[in-house]
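Read through the structure below, which is laid out as structure tokens, and then see the notes.
Keep in mind that the numbers below use all heavy atoms, side chains included, and drop hydrogens, waters and symmetry copies. Along the sequence shown, residues are numbered consecutively beginning with 1. Here the structure is a predicted model, which is why all the values come from computation and not from measurement.
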Amino acid sequence: MRRLAAFIACFGIGTAHAAIWDGQTLGSPHRGGTLHLTADAAGGTLDPQINYTSQYLQLFVNAYDGLLTFRQAEGKAGLDVVPDLAEALPEVSPDGLSWRFILRQGIRFSDGRPVRVADVVATMRRIYIAGSPTAASFYGGIAGAKECLDDPSRCTLPGVEGDEATRRITFHLTHPDGEFLQKLAFPHAVILPADASPHDVGNVSVPGTGPYRIESYDANHRMVLERNPYFHVWNPEAQTDGYVDRIEYDFGLSDEAQITAVEQGRYDWMLDAKPQDRLGELGSHYTAQVHIQPLFGLYYMAMNIHEPPFDSELVRRAINEAVDRHAMTILYGGSAIAEPLCQIVPHGLPGADIPCLYGQGAPAPTWQGPNFERAREWVRQSGRAGSNITLIVPNQAIGVGMGVYLRNMLQVMGFHASVRPMAPANAESYARNSDNHVQISLAYWFADYPSPSTFLDDLLGCDNYHPHSDSSTNASGYCDAALQKIMRQAEATLDPAQAATLWQQAGIRAMQASAIAPLIQMRYVDFVSKRLGNYFYTPLDHMLFSHVWVR
């Protein structure tokens, strides 16, 4: 552990970088070259309105734009919403039900076609027709959304009106939504051509408006992005024109092999979590290439309430009671890059912090340690002791290490447990689909935007449970009308203090039901090559590929 302490002592939070004042890199001595990225597996569909993996959301921000986006800035400034394809932030009616935008002039898609008001209107309809996983939870308050969700084939969405002559787009909501700006800034609302396929496009890319476009994609081997020849900077806070000419993203290396490849300079950046046994090595020899960043993210277990033994609330509560969150912290890499988490919303978001309801001394301000005796008593009371349990985990070193510990914990609790490792993208989609009858899974989740709703609602909201679908972010299959009501009230209020109070109430109710067992809150550890410069990290998009250069 001394080597890990030395690793942490070497690094601060963030790194100074050269500013791009007007978003232009033309004339820069750092412009050009190829950025080489690596991951253990591809992230699934190229459809930007359907893919919900952090892997590709980080990528899509370089190729697509919405009317709004989050500022490309480090620190808290990166949580602000700024105009993107819209000329300015919207005019909002006094009742909060009408939101009016003006579309910028002169923007073109990567195939050369101009972006029109009709594209914006069609894109918003497509969210429901194509089956975006956030169609109900993020955009269900638009007038006509209910009818689109009930019958996508007849979706007209009268709540989005466009006027080509004035370039005006007006959204009509059925109720006030204090988070509507952030929802429109989320990548599922990026603008696509009106004639884009109404179905999931799979491995075929759709034209976008960002500084890069996807040129080729082989989900087994590689994705290639090149400059969008029709791109120009319209708002440097939303998009810059990028330093590198080309981005190559290769798939297939394990997390251990990725570290070695970046050390050797064969790749400039790796996606996957850094195994604990390599952290000392990084701290000793690669100090200048490691960046530790704050992160609104957590590891958690989703327990499927429709599958025995987790249809018993006593069993689910017993899991929360028994799990050693300190052990999970160590398995992730230590207390400097992770901390025990006893709530579903990571620390740092308004309304996140609630008393810890489980473990020693509970309720307590923070998690004090597991209470195994009480956990085993609850299992005995449930009558489910001896049940067979299969835990799905990502097949990386951290996921497998956690999985082995959790399997042993389940066995000591009185269950017959086994671990099934899967590629991360496959594990995530497999666990979400109710047809696979997954009992319990280990996963991680990052904030969509800076609100507790992107954890509580995304992971436990009724609108996010989609039986028979890989897009069901609510892998627990949990739906509670009382919890849903509190969350809707929190999302609708425009008073931040009132919203925080409501989110605390929702967080307590969710932890009592225990459909999720939060484990740790992480910090992001980025490892880059020696030739990568201008390292740039935002709280929501993480390292921005358009802002870094290669020597």
(request) Just do the side chain to side chain contact (heavy atoms under 4.5 Å, CB included) check on Trp503 and Met487 with the steps written out, would you? (result) CA-CA 7 Å; Trp503 284 123; Met487 293 193 294; 3.6 Å; yes
(request) Evaluate the side chain to side chain donor-acceptor pair (under 3.5 Å) criterion for residues Arg31 and Thr25: first the C-alpha distance (whole Å), next the side-chain angles of each, then the deciding distance (0.1 Å), finally the verdict. (result) CA-CA 6 Å; Arg31 184 179 170 99; Thr25 63; 2.6 Å; yes
(message) Could you go through Asp65 and Val190, starting from their C-alpha distance and side-chain angles, then the distance that decides it, and tell me whether this counts as side chain to side chain contact (heavy atoms under 4.5 Å, CB included)?
(response) CA-CA 5 Å; Asp65 297 276; Val190 297; 5.8 Å; no
(request) Could you walk me through whether Arg246 and Glu226 pass the salt bridge (Lys or Arg N to Asp or Glu O under 4.0 Å) test, one step at a time? (result) CA-CA 5 Å; Arg246 180 180 172 94; Glu226 295 183 346; 2.4 Å; yes
(request) Begin from the C-alpha positions of Asp526 and Tyr535 and carry the test side chain to side chain donor-acceptor pair (under 3.5 Å) through to its verdict. (result) CA-CA 10 Å; Asp526 254 343; Tyr535 176 83; 2.6 Å; yes
(request) Apply ring pair (Phe, Tyr, Trp, His ring centres under 6.0 Å) to Phe536 and Tyr243, showing your working. (result) CA-CA 12 Å; Phe536 194 101; Tyr243 279 105; over 10 Å; no
(message) salt bridge (Lys or Arg N to Asp or Glu O under 4.0 Å), that's the test. Do Glu248 and Arg222 meet it? Break it down for me.
(response) CA-CA 7 Å; Glu248 295 182 359; Arg222 172 180 287 189; 3.4 Å; yes
(request) Using the side chain to side chain donor-acceptor pair (under 3.5 Å) rule, take Asn51 and Thr45 through it: C-alpha gap first, then chi angles, then the decisive distance, then the call. (result) CA-CA 6 Å; Asn51 194 298; Thr45 177; 5.6 Å; no
(message) Could you walk me through whether Asp268 and Lys530 satisfy the salt bridge (Lys or Arg N to Asp or Glu O under 4.0 Å) test, starting with their C-alpha distance in whole Å, then the side-chain angles of each, then the deciding distance to 0.1 Å, before giving a yes or no?
(response) CA-CA 8 Å; Asp268 300 306; Lys530 188 178 295 186; over 6 Å; no
(request) Could you please spell out the steps behind the side chain to side chain contact (heavy atoms under 4.5 Å, CB included) verdict for Val160 and Ile169? (result) CA-CA 7 Å; Val160 181; Ile169 301 111; 4.1 Å; yes
(request) Check the pair His466 / Asn433 against side chain to side chain contact (heavy atoms under 4.5 Å, CB included), numbers first and verdict last. (result) CA-CA 8 Å; His466 308 291; Asn433 194 319; over 6 Å; no
(message) Evaluate Asp195 against Arg126 for salt bridge (Lys or Arg N to Asp or Glu O under 4.0 Å), listing each step before the verdict.
(response) CA-CA 10 Å; Asp195 61 359; Arg126 186 182 185 275; over 6 Å; no
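When every heavy atom of Leu540 is checked against every heavy atom of Gly78, the shortest pair comes out as CD1-O, 4.2 Å. The shortest heavy-atom contact between Ala39 and Gln55 is CB-NE2, 3.7 Å. Between Ala196 and Val206, the shortest heavy-atom distance links the atoms CB-CG1, 4.1 Å. Annotation for Pro83 and Ala238: closest pair O-CB, 3.6 Å, computed over non-hydrogen atoms. The two residues Arg551 and Leu532 come nearest to each other via the heavy atoms NH1-O, 3.6 Å. Nearest heavy-atom pair, Arg531 versus His36, reported as atom, atom and distance to 0.1 Å: NH2-CD2, 3.3 Å.
Here the side chain of Thr174 pairs no donor or acceptor atom with the backbone of Ile142 at under 3.5 angstrom. A donor-acceptor distance shorter than 3.5 angstrom exists from the side chain of Asp119 to the backbone of Arg116, with no hydrogens or angles considered. Using modelled atom types, one side-chain atom of Glu164 and one backbone atom of Ala118 make a donor-acceptor pair closer than 3.5 Å. Looking at Trp549, its side chain never comes within 3.5 Å of a backbone N or O of Ser546 through a donor-acceptor pair. Judged by distance alone, with hydrogens and angles left aside, the side-chain atoms of Ser471 form no donor-acceptor pair with the main-chain N or O of Pro133 at under 3.5 Å.
Side chains of Glu179 and Ser453: a donor-acceptor N/O pair is present below 3.5 angstrom, by distance only. Side-chain atoms of Asp250 and Tyr267 include a donor-acceptor pair closer than 3.5 Å. Donor-acceptor pairing under 3.5 Å is lacking for the side chains of Gln72 and Asp541. A donor-acceptor pair shorter than 3.5 Å cannot be found between the side chains of Asn474 and Ser472. Side-chain atoms of Thr260 and Arg278 form a donor-acceptor pair, as typed in the model, at a separation below 3.5 Å. The closest side-chain donor-acceptor pair between Asp84 and Gln239, if any, does not fall under 3.5 angstrom. The closest side-chain donor-acceptor pair between Asp448 and Thr454, if any, does not fall under 3.5 angstrom.
Residue Ile102 holds its CD1 atom at 13.5 Å from CG of Leu85, rounded to the nearest 0.5 Å. In this structure, Leu79 CG and Thr538 OG1 are separated by 8.5 Å, a value rounded to the nearest 0.5 Å. Summarising the geometry, atom CZ belonging to Arg125 is positioned 8.5 Å from atom SG belonging to Cys148; distances are rounded to the nearest 0.5 Å. With rounding to the nearest 0.5 Å, the separation of CD1 in Ile398 from NZ in Lys274 is 8.5 Å. Distance check: Ser98 OG to Glu91 CD gives 11.0 Å after rounding to the nearest 0.5 Å. Note that the CG atom of Asp457 and the CG atom of Asp463 stand 6.5 Å from one another [nearest 0.5 Å].
For the pair Arg213 and Pro229, the minimum side-chain heavy-atom distance is below 4.5 Å. At a threshold of 4.5 Å between non-hydrogen side-chain atoms, the residues Phe251 and Asp218 do not count as touching.
Between His188 and Phe186, the ring planes lie perpendicular to each other; the angle is over 60°, past the 30° to 60° tilted range. In this pair, His232 and Trp234 present their aromatic rings perpendicular. The plane angle is above 60°, beyond the 30 to 60° band.
A salt bridge is defined here as a Lys NZ or Arg NE, NH1 or NH2 lying under 4.0 Å from an Asp or Glu carboxylate O, and Arg227 with Asp245 meets this definition. Remark: Asp177 engages Lys183 in a salt bridge, criterion side-chain N to carboxylate O under 4.0 Å. With respect to Arg523 and Glu339, no salt bridge is recorded, no charged nitrogen being found less than 4.0 Å from a carboxylate O. Ionic pairing of Glu161 and Arg100 is not present here: no N-O contact between side-chain nitrogen and carboxylate oxygen is shorter than 4.0 angstrom. For Arg71 and Asp80, the salt-bridge test passes: some basic side-chain N is under 4.0 Å from an acidic carboxylate O.
Aromatic pair Trp445/Tyr52: centroids less than 6.0 angstrom apart. Remark: aromatic rings of His542 and Tyr537 are close, center separation under 6.0 Å. Remark: aromatic rings of Phe296 and Tyr524 are distant, center separation not under 6.0 Å. For an aromatic pair to be called close, the ring centres must be under 6.0 Å apart, and Trp269 with Phe527 fails this. For an aromatic pair to be called close, the ring centres must be under 6.0 Å apart, and Phe171 with Phe101 satisfies this.
Within 6.0 Å of NE2 on His175 lie more than 12 heavy atoms contributed by other residues, nucleotides or ligands.
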